[in-house]
Amino acid sequence: MQARDHASQSVLDGEPNVGSVRAMAKELKKPDEASIQLKRTRNSLLHIHKIPPEILGNIFHWNVMLKGDFGGLEKRSHNFLFVCHHWFEVASHTPEIGTFWGVTPRDWARYHTRFATAPLDLVLSHVNDDFVCLDPTVINVLQDRTSRNTIRRAHLRSGAPRLLRSILSSLTPHCEDTRPSQMQSFILSSWDVTPVDVSDFVTHRYFQKLQCLDLTRCTISSWDLLSSSRTGALTKLHLDFHPPSPTPTTPQLLSILASNPQLQEVAILSQAVPVDRIDAPCCVPLHHLRQLLLSGDLRHVFGLHQQLEHPTTLDRLAITLYNCTEADIPQIIGPYLRSHLQRRGRSPSGLGLSLSCDRRIVFNVGEGGGNHSEAAQMDSVIELSVRRLGRRPSKDLLGKMAMDLIAFVPPEDIVDFWGNNEPVDMGDIYTRLPNLKTLHLDMVHLPAVFPGQNFDEQGGIPSSVHTLTLERLTVGNNDWSSLTTFLARRASSGERLDMLKIVGSNHMCQEVKESIEGMVHEFLVENMNPLCPFCEL
């Protein structure tokens with residue numbers, strides 16, 4: 001108790017009304033009816049009370065508002081409501097605070113009563129239990145909000161399809177005619193294997209103010225429900241439909257795209273990619289496009305891409321092609337990649353190549369940021385992923401496909417290589433990529449990184465490499481010598497590595513660790529085997 005009183009005295013030392021505040025603090029220790037009023041009077045003398053209410057209200061709003069153009073999913077705290085009476089009064093007169101109810105049905109039941117007239121940003125996240133139910137009162141409030149057209153944004157991401165369907169039903173107007181909607185952003189993403197039907201939700205709506213439409217793992221009864229007359233102000237369109245949703249015809253999809261000329265981000269995936277072919281191709285101008293993501297059968301994806309007229313300097317172009325054969329590399333994929341690179345011009349930051357034995361070949365043009373996972377969010381990137389469905393291709397076949405693809409790209413432009421599970425003979429890669437600067441290998445046997453003995457000659461790691469990351473290594477008792485020999489030769493030649501990072505090796509002895517530290521500028525070791533992080537061999 002004495003320590004707490006001493007701390008309180010230290011906090012008050014900087015206050016101009018310290019004498020009055022301390023006197024009131026003594027009175028507050030007496031249990032009488034006037035204690036609450038005394039507390040409020042005392043608080044009014046503190047510095048924090050001098051902040052104008054409109055500024056304090058803005059601070060509260062910023063604490064709970066959705067971040068970004070179309071909102072984020074961070075759960076913000078409303079604890080400022082319980083700090084003092086003055087803060088509660090200011091918050092009670094700041095309607096913007098009521099635009100966000102939290103991210104779970106439990107949050108909604110708690111906060112839905114506040115500011116019924118404020119526009120609502122409805123967010124659902126981190127709820128995967130399909131037995132979670134909406135409170136009946138919340139259902140009634142959502143239906144009332146829908147009828148009054150006061151829902152501004154709805155961002156619903158969940159692995160509970162039954163819950164998503166219940167929410168959609170509450171957001172669906174019960175009317176016979178078609179009415180305009182004030183909604184500016186709608187995101188529905190189902191993580192469950194069961195897709196969610198959005199047909200009823202869009203049937204009786206015009207979304208003329210909608211800027212973001214993101215439907216992931218959804219179905220729709222007819223693509224006419226998303227026809228050109230439904231939207232017109234979209235800047236972001238993400239369509240990832242699954243069976244039993246019908247596949248749109250090319251004219252249907254192009255009509256949607258053409259009616260939204262301000263589109264900046266477009267993703268057309270899976271069942272949303274048309275499979276028909278039109279006799280008279282027509283290009284849809286998308287002059288403001290910055291990101292384009294396409295995924296599907298090779299011929300269907302390229303057929304759609306030919307219909308889109310977009311800037312060559314996209315921030316991101318990601319194309320995932322399925323059902324590819326070995327012959328498709330030299331006949332279709334390679335020529336496409338080369339022509340696109342020629343139109344784009346040489347990238348100042350170089351080109352990254354990612355190979356994996358799990359049916360994947362990825363090219364990244366631009367700033368890949370060292371992260372080449374399929375779901376990576378990268379800036380200034382062209383990503384080309386090549387897959388084969390069915391039988392898993394052998395390493396030799398994948399390596400041949402990769403080498404065939406490299407033939408369509410100036411090898412001197414490739415500066416970043418990421419390989420998984422020893423996808424190809426590394427000596428061949430090193431020989432073909434003379435300007436390699438960053439090398440990242442995952443799930444490899446250490447000797448495979450250093451083919452042969454002539455590390456600085458033909459087949460060895462190029463001297464241009466300055467960053468080497470080795471992840472989930474398999475290392476035998478005598479294998480570290482191949483790495484230390486390579487590092488010693490680089491150090492003696494004056495070309496030490498700038499960075500060596502080893503993540504998740506099965507073992508490393510202390511002597512090897514200390515030896516490596518003296519031969520590179522920076523050495524990082526992470527996630528070693530906890531049973532023997534630096535065992536003595």
Side-chain angles (χ1 to χ4, degrees), residues 157 187-193 195-196 198 212-220 223 226 234 236-250 252-254 256-257 263-277 284 286 289-308 310 314-325 328-329 332-334 336-337 340 352 354-356 358-366 368 371-379 381-390 392-393 398 401 405 420:
R157 295 182 172 95
I187 297 175
L188 179 63
S189 180
S190 174
W191 302 335
D192 190 80
V193 295
V196 176
V198 298
C212 169
L213 179 60
D214 185 337
L215 303 176
T216 300
R217 193 166 284 279
C218 296
T219 64
I220 194 168
W223 278 86
L226 293 177
L234 289 177
K236 178 179 179 179
L237 177 64
H238 187 291
L239 301 177
D240 181 8
F241 284 87
H242 290 256
S245 179
T247 301
T249 65
T250 299
Q252 283 177 322
L253 182 61
L254 295 183
I256 298 172
L257 298 176
L263 278 168
Q264 299 177 20
E265 300 180 32
V266 172
I268 309 295
L269 312 176
S270 306
Q271 200 82 0
V273 177
V275 299
D276 63 325
R277 303 186 67 175
V284 175
L286 299 174
L289 200 63
R290 305 308 307 166
Q291 295 190 31
L292 176 61
L293 286 72
L294 302 174
S295 175
D297 181 89
L298 179 147
R299 286 153 185 81
H300 300 156
V301 166
F302 278 143
L304 173 61
H305 189 250
Q306 292 174 357
Q307 311 297 321
L308 306 179
H310 60 76
L314 293 173
D315 291 339
R316 186 184 181 198
L317 170 62
I319 297 179
T320 300
L321 306 174
Y322 294 91
N323 298 331
C324 302
T325 66
D328 291 329
I329 297 291
I332 302 176
I333 303 174
Y336 165 79
L337 181 61
H340 194 93
S354 173
L355 301 180
S356 174
D358 60 356
R359 306 173 307 187
R360 187 156 55 96
I361 300 173
V362 177
F363 269 88
N364 297 304
V365 180
N371 186 352
H372 301 296
S373 64
E374 185 178 356
Q377 299 298 313
M378 298 173 286
D379 296 328
V381 169
I382 296 178
E383 178 179 325
L384 177 64
S385 176
V386 182
R387 289 190 181 185
R388 297 182 67 211
L389 295 180
R392 182 171 176 169
L398 185 79
M401 294 172 67
L405 200 53
N420 174 271

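Sequence positions, counted from 1, serve as the residue numbers for this chain.
In this structure, the separation between CZ on R290 and CD on E265 is 10.5 Å, given to the nearest 0.5 Å. Annotation: the span from L289 atom CG to Q264 atom CD amounts to 8.5 Å, rounded to 0.5 Å. Note that CD1 of I332 is 7.5 Å distant from OG1 of T325, once rounded to the nearest 0.5 Å. Taking CG of N323 as the start and CG of D297 as the end, the distance is 5.0 Å to the nearest 0.5 Å. For the atom pair CG (L239) and CG (L257), the distance works out to 8.0 Å, reported to the nearest 0.5 Å. Separation of atoms CG (L405) and CG (L384) is listed at 6.0 Å; rounding is to 0.5 Å.
By the 4.5 Å heavy-atom criterion applied to side chains, H340 and L317 are counted as neighbours. With contacts defined as side-chain heavy-atom distances shorter than 4.5 Å, the pair I333/L298 qualifies. Side-chain contact between I187 and R157 is present, with heavy atoms from C-beta onward closer than 4.5 Å. Residues V301 and L321 have side chains in contact (heavy-atom distance under 4.5 Å, counting atoms from C-beta outward). The shortest distance between side-chain heavy atoms of V273 and S295 does not fall below 4.5 Å.
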- [ ] Could you walk me through whether L237 and I256 pass side chain to side chain contact (heavy atoms under 4.5 Å, CB included), step by step?
- [x] CA-CA 10 Å; L237 177 64; I256 298 172; 4.2 Å; yes
Task: side chain to side chain contact (heavy atoms under 4.5 Å, CB included) assessment of L226 paired with Q252 - done: CA-CA 9 Å; L226 293 177; Q252 283 177 322; over 6 Å; no
- [ ] Please test L269 against T216 for side chain to side chain contact (heavy atoms under 4.5 Å, CB included), starting from the C-alpha separation and ending with a verdict.
- [x] CA-CA 9 Å; L269 312 176; T216 300; over 6 Å; no
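Summarising the geometry of S270 relative to D240, their closest heavy-atom pair is OG-OD1, 3.2 Å, with the distance given to 0.1 Å. Considering all non-hydrogen atoms of both residues, C218 and S245 come closest at O-CB, 4.4 Å. Heavy atoms only, all atoms of each residue included: P274 and T250 are closest at CB-OG1, 3.4 Å. Heavy-atom minimum distance, M401 versus I329: O-CG2, 3.9 Å.
Judged by distance alone, the side chain of D315 and the main-chain N or O of Q291 form no donor-acceptor pair under 3.5 Å. In this structure, the side chain of W223 does not engage the main chain of T249 through any donor-acceptor pair within 3.5 Å.
Contacts of H305 classified as ring-ring contact (aromatic ring centres under 6.0 Å, His included), with partners at least two apart in sequence or in another chain: H310, Y336. A search for salt bridge (charged side-chain N to carboxylate O under 4.0 Å, His left out) contacts involving D328 returns R299, not counting sequence neighbours.
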